[in-house]
Amino acid sequence: MADQGSGGSRLPLALPSASQGCSTGAGGSSAGTSGSPPASGNPPPPRNLQGLLQMAITAGSQEPDTPPEPMSEEPTPPAAGEADLAADQQEREGALELLADLCENMDNAADFCQLSGMHLLVGRYLEAGTAGLRWRAAQLIGTCSQNVAAIQEQVLGLGALRKLLRLLDRDACDTVRVKALFAISCLVREQEAGLLQFLRLDGFSVLMRAMQQQVQKLKVKSAFLLQNLLVGHPEHKGTLCSMGMVQQLVALIRTEHSPFHEHVLGALCSLVTDFPQGVRECREPQLGLEELLRHRCQLLQQQHEEYQEELEFCEKLLQTCFSTPTDDSMDR
């Protein structure tokens with residue numbers, strides 16, 4: 001996670017002198033262009049937050065004029081309109097990526113929000129028709145929100161969390177879902193109001209469904225967020241047990257072994273630590289968890305050190321859930 005306080009220098013709201021400049025592309029990189037005219041003949045891209053925001057607002061916002069009826073019988077090539085749309089989309093994507101880079105600096109992020117940038121992201125781009133705009137909007141929301149309570153509160157007040165959860169749960173593009181999860185994490189970790197909204201919107205169910213997908217990055221990050229929330233907010237363990245979280249986590253451990261299991265076992269450890277209800281559910285005979293954990297320990301002991309943490313989680317679960325009643329593990 002980027003350090004917002006040191007992510008580059010603060011960008012002024014006023015436009016700097018014409019000798020300073022940057023170029024934007026799909027990758028969001030910038031480079032000096034002083035002394036050379038724009039290659040395409042178009043105006044140079046903005047170099048301040050307000051200009052970039054205005055680009056994101058106006059690019060593609062007006063429908064192209066309806067072309068006049070052709071004087072000849074030759075049809076108008078359709079490629080022209082498609083090229084214009086593609087250029088508009090590329091321009092907006094470039095603006096969003098450059099804004100994400102700039103807003104790693106907390107002062108720039110605050111200025112961006114003062115310019116109503118969040119209203120644009122939540123109101124237009126999170127539900128844009130193209131995946132490239134949706135995931136860049138989610139990324140920018142997360143970048144601005146992480147560790148900044150005032151921005152988190154503004155984003156939550158705009159109803160962004162509901163839209164982000166919908167993207168995580170339903171979007172057809174894997175990149176959109178991963179970036180939506182990043183933004184969600186920035187809004188609910190260490191943010192009580194965000195976590196309460198997350199609970200009201202059944203966010204834990206969305207998180208569990210994300211862990212059941214085939215996208216490895218999505219699975220790992222979802223399990224990591226679940227573990228983090230369990231450690232930071234143990235008061236919600238009862239809610240998760242009532243949802244059948246223990247049974248679903250065990251079912252995930254039974255899938256073909258992968259590095260993702262380390263995070264699932266970590267979440268399960270967090271769920272049972274100092275929580276007798278979770279221990280009782282792990283002991284249910286139909287789960288067969290004890291046998292599964294002992295078999296997994298044997299497997300991991302033959303592997304390299306890369307699985308050391310997973311092995312430790314297995315051993316902790318065995319000790320916590322399946323030790324003898326006289327053991328003091330239940331009191332830890």
Side-chain angles (χ1 to χ4, degrees), residues 1 146 168 177-178 181-182 184-186 188-191 195 198-199 203-284 287-323 329-332:
M1 182 176 292
Q146 54 188 342
L168 173 59
R177 300 174 75 185
V178 170
L181 179 59
F182 163 65
I184 291 166
S185 177
C186 293
V188 301
R189 294 176 62 180
E190 312 300 332
Q191 170 52 260
L195 183 58
F198 182 80
L199 290 168
F204 280 120
S205 293
V206 176
L207 209 55
M208 173 51 67
R209 289 194 289 273
M211 292 169 61
Q212 295 168 339
Q213 301 302 311
Q214 298 303 312
V215 184
Q216 187 74 4
K217 182 180 289 189
L218 193 64
K219 293 166 65 172
V220 169
K221 290 181 178 295
S222 297
F224 183 79
L225 177 57
L226 175 61
Q227 182 180 1
N228 179 274
L229 293 176
L230 284 168
V231 171
H233 301 275
E235 67 273 16
H236 299 302
K237 291 181 180 181
T239 299
L240 288 168
C241 281
S242 67
M243 295 167 52
M245 186 64 74
V246 168
Q247 292 76 12
Q248 294 184 71
L249 290 175
V250 173
L252 288 172
I253 299 170
R254 288 191 179 279
T255 60
E256 183 179 356
H257 185 248
S258 75
F260 160 66
H261 286 175
E262 174 190 320
H263 303 281
V264 178
L265 287 160
L268 190 56
C269 274
S270 299
L271 187 56
V272 302
T273 300
D274 298 323
F275 191 60
Q277 180 184 348
V279 173
R280 287 194 298 270
E281 294 195 16
C282 286
R283 286 176 169 173
E284 290 293 332
L287 276 183
L289 180 58
E290 182 177 10
E291 180 182 0
L292 174 62
L293 291 173
R294 294 192 186 282
H295 181 269
R296 183 61 57 84
C297 283
Q298 293 176 358
L299 173 67
L300 296 175
Q301 286 167 354
Q302 302 170 10
Q303 305 298 321
H304 298 292
E305 292 184 358
E306 60 182 302
Y307 295 108
Q308 183 62 35
E309 284 192 70
E310 183 180 349
L311 177 60
E312 291 174 0
F313 285 139
C314 288
E315 292 173 341
K316 181 180 178 181
L317 282 167
L318 283 168
Q319 183 180 17
T320 302
C321 300
F322 302 104
S323 58
S329 60
M330 290 290 289
D331 296 328
R332 289 184 293 109

### Message
Evaluate His261 against Glu310 for side chain to side chain contact (heavy atoms under 4.5 Å, CB included), listing each step before the verdict.
### Response
CA-CA 7 Å; His261 286 175; Glu310 183 180 349; 3.7 Å; yes
### Query
Going through the checks in order, is the side chain to side chain contact (heavy atoms under 4.5 Å, CB included) test met by Glu262 and Phe313?
CA-CA 8 Å; Glu262 174 190 320; Phe313 285 139; 4.1 Å; yes
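For the pair Gln301 and Leu311, the minimum side-chain heavy-atom distance is below 4.5 Å. Annotation: side chain of Val246 is not in contact with side chain of Leu240 (no heavy-atom distance under 4.5 Å). Using a 4.5 Å heavy-atom threshold, the side chains of Glu281 and Leu271 count as separate. Considering only heavy atoms from C-beta on, Phe204 comes within 4.5 Å of Leu226 through its side chain. Counting heavy atoms from C-beta on, the side chains of Arg177 and Leu181 never come closer than 4.5 Å. The side-chain heavy atoms of Cys241 and Phe275, taken from C-beta on, include a pair separated by under 4.5 Å. Annotation: side chain of Leu289 is not in contact with side chain of Arg283 (no heavy-atom distance under 4.5 Å). Between Met245 and Leu268 the shortest side-chain heavy-atom distance does not fall below 4.5 Å.
Atom CD of Gln216 sits in a crowded spot, with more than 12 heavy atoms from other residues, nucleotides or ligands closer than 6.0 Å. Annotation for Glu235: atom CD counts as buried by contact number, over 12 foreign heavy atoms lying within 6.0 Å. Other residues, nucleotides and ligands contribute more than 12 heavy atoms inside 6.0 Å of the NZ atom of Lys219. With a 6.0 Å radius and a threshold of 12 heavy atoms from other residues, nucleotides or ligands, Glu306 has its CD atom above the threshold.
With no hydrogens or angles considered, no side-chain donor-acceptor pair links Ser222 and His263 at under 3.5 Å. No side-chain donor-acceptor contact under 3.5 Å links His295 and Glu290.
Taken from CG in Leu229 to CG in Leu195, the straight-line distance is 6.0 Å, to the nearest 0.5 Å. Phe260 CZ to Ile253 CD1: the interatomic distance, rounded to the nearest 0.5 Å, is 9.0 Å. Note that CG of Leu300 is 9.0 Å distant from CD of Glu315, once rounded to the nearest 0.5 Å. We find the SG-CZ distance between Cys282 and Arg280 to be 11.5 Å, quoted to the nearest 0.5 Å. The CD1 atom of Ile184 sits 8.0 Å away from atom CG of Leu225, with the distance rounded to the nearest 0.5 Å.
Ring centroid separation for the pair Tyr307 and His257 comes in under the 6.0 Å cut-off.
Tested against Val250, the residues Leu292, Val264, Leu293 include a single side-chain contact (heavy atoms from CB on, under 4.5 Å) partner, Leu292.
When every heavy atom of Cys314 is checked against every heavy atom of Arg296, the shortest pair comes out as SG-CG, 3.6 Å.
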